[in-house]
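Down below is the structure, laid out as structure tokens.
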Amino acid sequence: MTTERFSKRYNRKEIEEKWRRKWSEDNIYKFRYDPEKPMYVVDTPPPYVNAEHLHVGHIMSYSQAEFVVRFKRMRGYNVFYPMGFDDNGYPTEKFVENKYKVDKRTISKQEFIDLCLKETEIGAQNYKDLWTQLGISVDWDLTYSTISPLAVKVSQRSLLDLNNKGLLYRKESPILWCTQCDTAVAQADLEDKEFTVKLNYITLKSVSGKDLTIATTRPELLPACVALYVNPNDKRYKKLVGLKAIIPLFQHEVPIKTSDEVDPEFGTGLMMVCTWGDQGDVKKWLTDGLDSRIVLGRNGKLNELAGVYQNLRVEKARPLIIKDLDRKGFLRKQEELTHTVNVHERCNTPIEFVNSKQWFIKIVDNKNIWLEFGSKIDWHPKSRFNDYRVWVDSLKWDWCISRQRYYGVPFPIWYCNDCDEPHFVPEEQLPHNPATDNCLFEKCRKCGSSKFIPEVDVVETWATSSCTPFLIKELVKNQEIKEKVFPNSLRPNAFEIIRTWDFYSIVKSYYHFNTIPFKDLMISGHGLDEEGRKISKRLGNYIPSAELLEMYGADGIRYWATGAELGSNLRFSKDEIEKGKRLATKLWNAARLICSHVDEFKEINLADLNLESVDIWIVQQLNKTISKVTKGFEEYTYSISRNDLEEFFWRIFADYYVEFIKYRLYGSDIKSKETATATAYVVFLAILKMYAPILPFVTEEIYSRISFGSEESIHLSNWPEPINLKKSVNDFDQVIQAVDEIRKHKTSQGVSLGEWIESYKFDTNVDLKKYKEFLQNVGRVKVLE
RNA sequence: GGGUUCGUAGCUCAGUUGGCUAGAGCGUCUGGUUUACACCCAGAAGGUCGCAGGUUCGAGCCCUGCCGAACCCACCA
């Protein structure tokens, strides 16, 4: 007897800690290249490094992708699994502003960047610790950060290429602007938000002295009003078309025009149109021969057109103007109006349109290409492709990539001081930062001037992270491997960044290499709190990840993460985590039992043994399970795999098979005992391997005690294959039914299942000639008929 | 206004080309210390599958309409 191989209790904490250390020391997740084997390249989302908000959602989505990665590794792929840290850009700046109570306007640029870099380092370490705790099997020698010189170089090279291909342009035009963050933003950075505001009915006079009433939610934009519009079919206003009206308080005259866009039912049917600053299809109004009256500046304040209201921010100016309109008798009434407004997703501030010069990447004209290339990718689940399609359809603006921020990838551009001609730093000089590096140009190629000014804007973060599919190529030197890294095999990410990370990656891979960036997309849902609410800092409805891992251990939490089908949200559930812990214990105990009967662990070929029907039956069940579980992982439906595996392990293997062979394990027939032990061992080993991607710690611990041969880790071992026995049973269902019948009988009689009873007569039609002895022993009945 | 997903037991959810009596876990109830495991085992109760039609020999699954939820898009004077 060798029960001492396993202690009575599975010591989760100690064992998980041991393997974390050992995996790292032995470097078992290091990328190994075997030219004979296929590559499996994963472009994992580089998380934002401000790690204070880490919660189960992060654990969930990274675990879900990692189940598949571990599976692929065991299936014999050369797994290339790097990890990045997305540290450049707005989230880090915001984090620093909050943590240090500073503002980018009130601190020197360099000081601010230094703080960002410092936090970046702390954040990356937090993440690394967390992923290690969780058992995420990335190769820590393959890491990058999006602010590193390598990432800057790749990002800048991308801009150069786009510029050479005529896909990058700089233009002064009305753009989407966040007055809070003080920067241009892209369409993808917008979100819908409902606001309840006042709809103000304001009276103005036509030049002929007639009273007119408009309804507006934005009275502070009156100074920018350039026209009034009515629907051409609106009889009330037919006579007014072509006349002019006088704007109250500001006294300028505007024409009254018609457009089908105007809804006669809204407000008074008379609509005020302003130049930029207001939401709406700006371009359309601009082509209508209207004056340009810009009242809102990039600083979010009203300009000189606003007269006495100059230099006020929108939210300050609005009530003042309303007050003055009311005092002078122009305000007829106010109504409550609930409407949705585009806000900046980072700060929830309503977006304004301001006139500004920015860099853009052409995307609007190529919608058909984005759809075509998007459809070439295998979406898991398929339905999420629709999110992508809808997004591409709704594109209205080219991709504005310049940001008036500090902490990001610099544009490698110098402008001629005299004629504004942009000069791109040549590729061999990258990475380049015009804010700190010397100017590389002597004379403007256009006007000959020798004065240059640096571009001080930075590239938005997505313009860099959209390069990750080919950025990770740069993490290896070997040319042969490089070629196989891109396009990648898998991009796993949550659904809310389909329109940013995924979309922009497709754009860049098409423009640079005319290919899709990755073959498969795995879209995960969100982790929710126990009530099904979104997890947010504001609600405080989550336990920080590190604490969670400390409380429950990695295996239990990973088990919880298998609970949601791919693409679905998943509620946090202590019960599910507990279930995962119980599963680990169950595996531990099963190993204890089986191994107490094995003297030596060795390679066993079951086909060579004289198997009994019950042994053949369990192997058949195992084979079915292997096929189903394998298929599930292949299709990224790890939750289905987990269900199939659990049904087999717990219900069929533990509750039936193990009970079925106990009389042999403890009996005197040595041959029969050996066969049963061997079968149980082989089947259990396969179960253990199939659980390895989900529960890497407990499976590794058990494996280390019961494996044979040279395989150092279960995670580097081969995925189980169905076993060919060359014989089969097909009448075992009736045996199961017969066993159930005896169990039911004993339970209803209040008799312990372990107690021998004198006799029993079956209702079930079972072949007693063949199975009588088996049923007597398993059911503990002396006489059966 | 448009789209996507979803609505199945008290709760959380499976149900993969339409096919015997609709499943699991948790919870509840009954019984059992059975030489791996009470972190266990055996069993029971509990569902007009959101509603109303339709197609079909047959619908939880397919079609139409409606109700409700979440998310996305558009409008947003």
Side-chain angles (χ1 to χ4, degrees), chain A residues 3 6 8-10 190-192 194-195 197 199-200 202 214-218 221 225 228-230 259 261-263 266-274 278-281 337-342 381 383-391 393-396 495-496 498-499 525-526 528 530 532-534 563-565 567-571 573-576 578-579 581-597 628 631-632 635 637 639-640 643-644 646-647 650-651 654-655 658-659 662 665-666 739-740 742-755 780:
Chain A
T3 29
F6 289 92
K8 183 137 175 74
R9 289 279 155 115
Y10 171 62
L190 305 184
E191 227 170 48
D192 285 352
E194 266 205 351
F195 285 93
V197 293
L199 182 62
N200 304 286
I202 296 167
I214 56 160
T216 179
T217 58
R218 310 272 327 245
L221 294 179
C225 179
L228 300 183
Y229 271 78
V230 297
S259 167
E261 297 290 312
V262 180
D263 175 6
F266 188 93
T268 59
L270 188 61
M271 173 185 186
M272 154 179 120
V273 172
C274 306
D278 206 354
Q279 305 194 16
D281 193 343
L337 175 71
T338 301
H339 66 168
T340 46
V341 172
N342 276 140
S383 58
R384 284 295 185 182
F385 175 61
N386 194 60
D387 291 20
Y388 175 85
R389 197 175 51 71
V390 168
W391 169 248
D393 280 341
S394 74
L395 278 174
K396 241 172 24 182
F495 63 85
E496 77 272 16
I498 291 173
R499 67 183 192 178
H526 275 154
L528 306 174
E530 275 170 296
R533 295 172 304 177
K534 208 168 161 175
E565 238 188 312
S568 303
N569 296 338
L570 178 63
R571 291 184 181 200
S573 161
K574 283 188 189 116
D575 289 349
E576 280 298 299
E578 290 293 341
K579 221 174 120 192
K581 282 170 70 178
R582 272 186 290 144
L583 174 61
T585 307
K586 187 83 180 173
L587 284 165
W588 182 259
N589 283 315
R592 277 180 72 202
L593 170 71
I594 295 162
C595 296
S596 66
H597 297 278
K628 281 195 282 189
K631 183 165 173 274
E635 292 170 359
T637 52
S639 65
I640 295 175
N643 286 341
D644 289 336
E646 196 158 299
E647 165 73 17
W650 206 306
R651 302 273 81 92
D655 291 347
V658 170
E659 295 304 322
K662 273 186 180 165
L665 296 184
Y666 296 102
V739 169
D740 286 345
I742 299 174
R743 285 177 174 179
K744 212 172 278 190
H745 170 74
K746 284 188 166 179
T747 300
S748 68
Q749 300 298 306
V751 178
S752 157
L753 294 183
E755 198 174 311
R780 302 200 180 191

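All chains are named by letter (A, B, ...) in the order of the sequence lines, taking the proteins before the strands, and each is independently numbered beginning at 1. Here the structure is a predicted model, which means the values were calculated and not measured.
The main-chain N or O of A/G754 is found under 3.5 Å from a side-chain atom of A/R780 such that the two form a donor-acceptor pair. In this structure a side-chain-to-backbone donor-acceptor pair under 3.5 Å is present from A/T637 to A/G632. Of the possible donor and acceptor atoms, one in the side chain of A/K746 sits under 3.5 Å from a partner among the backbone N and O of A/L753.
Taking atom NE2 of residue A/H339 and atom P of nucleotide B/rA74, one finds them 15 Å apart after rounding to whole Å. One atom, CG of A/L395, and another, C1' of B/rA74, lie 14 Å apart when rounded to the nearest Å. Put simply, NZ on A/K746 is 13 Å from P on B/rG43, counting in whole angstrom units. Here B/rU34 presents its C1' atom at 7 Å from CG of A/L753, a figure rounded to the nearest Å. Between A/H745 atom NE2 and B/rG32 atom P there is a gap of 15 Å when expressed in whole angstrom units. Atoms OH (A/Y388) and P (B/rU5) sit 19 Å apart, rounded to a whole Å. Protein atom NZ of A/K744 is 12 Å distant from nucleotide atom P of B/rA42, rounded to whole Å. For the pair A/D393 CG and B/rG3 P, the computed distance is 13 Å after rounding to whole Å.
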How does RNA chain B look in dot-bracket form if you count Watson-Crick and G-U pairs under 3.5 Å, write [ ] for pairs that cross, and put | where a base pairs with another strand? (((((((..((((.....[...)))).(((((.......))))).....(((((..]....))))))))))))....

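Note on A/V751: nothing from the nucleic acid sits closer than 4.0 angstrom, heavy atoms only. Among the heavy atoms of the strands lying under 4.0 Å from A/T217 are primed sugar atoms or P, OP1, OP2 only; no base atom is included. Residue A/A654 is classed as a base contact, given a heavy-atom separation below 4.0 Å to a base.
For the C1' atoms, the distance from B/rG47 to B/rU12 is 16 Å, rounded to whole Å. Across the P atoms, B/rG60 and B/rU16 are found 12 Å apart, a figure rounded to whole Å. As rounded to the nearest Å, B/rA52 and B/rA70 have C1' atoms that lie 24 Å from one another. Nucleotides B/rU5 and B/rC20 are separated by 26 Å at their P atoms, to the nearest Å. Taking atom P on both B/rU4 and B/rC63, the two are 11 Å apart, rounded to the nearest angstrom. Look at the P atom in both B/rA22 and B/rU28: the space between them is 26 Å, to the nearest Å. B/rC41 and B/rG58 are spaced 43 Å apart, taking the P atom of each and rounding to whole Å. Nucleotides B/rG46 and B/rC39 have their P atoms positioned 29 Å apart, rounded to a whole Å.
Here A/D393 pairs with A/R389 in a salt bridge; the nearest charged N to carboxylate O distance falls below 4.0 Å.
Under 4.0 angstrom from either OP1 or OP2 of B/rC37 there lies at least one side-chain N or O belonging to A/K8.
Where A/W391 and A/A591 each meet RNA chain B at their nearest nucleotide, the meeting point lying more 5' is that of A/A591. Taking the nucleotide of RNA chain B with the nearest heavy atom to each of A/K534 and A/A590, the more 5' of the two is matched to A/A590.
One distance of note links CD1 of A/I640 with NZ of A/K631; it measures 8.0 Å at 0.5 Å rounding.
Looking at every heavy atom in both residues, A/L570 comes nearest to A/G563 through CD1-C, 3.9 Å.
Nearest to the side chain of A/T585, among B/rG3, B/rC39, B/rG32, sits B/rC39. In this structure, the nucleotide among B/rA42, B/rU4, B/rG32 sitting nearest to the side chain of A/N386 is B/rU4. Side chain of A/R9, nearest nucleotide from B/rC39, B/rC72, B/rC37: B/rC39.
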List the protein contact pattern of nucleotides 13-28 of chain B with one symbol per nucleotide (5' to 3'): B for base contact, S for sugar-phosphate-only contact, - for none; contact means a heavy-atom distance under 4.0 Å. SS----------SS--

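Side-chain to base pairing of A/K586 with B/rC37: one donor and one acceptor N or O lie within less than 3.5 Å of each other.
Here the rule is side-chain hydrogen bond (donor to acceptor under 3.5 Å, both in side chains) with A/H526, and of A/R571, A/K534, A/E496 only A/E496 fits it.
Relative ring orientation between A/W588 and A/Y10 is described as tilted, the plane-to-plane angle lying within the 30° to 60° band.
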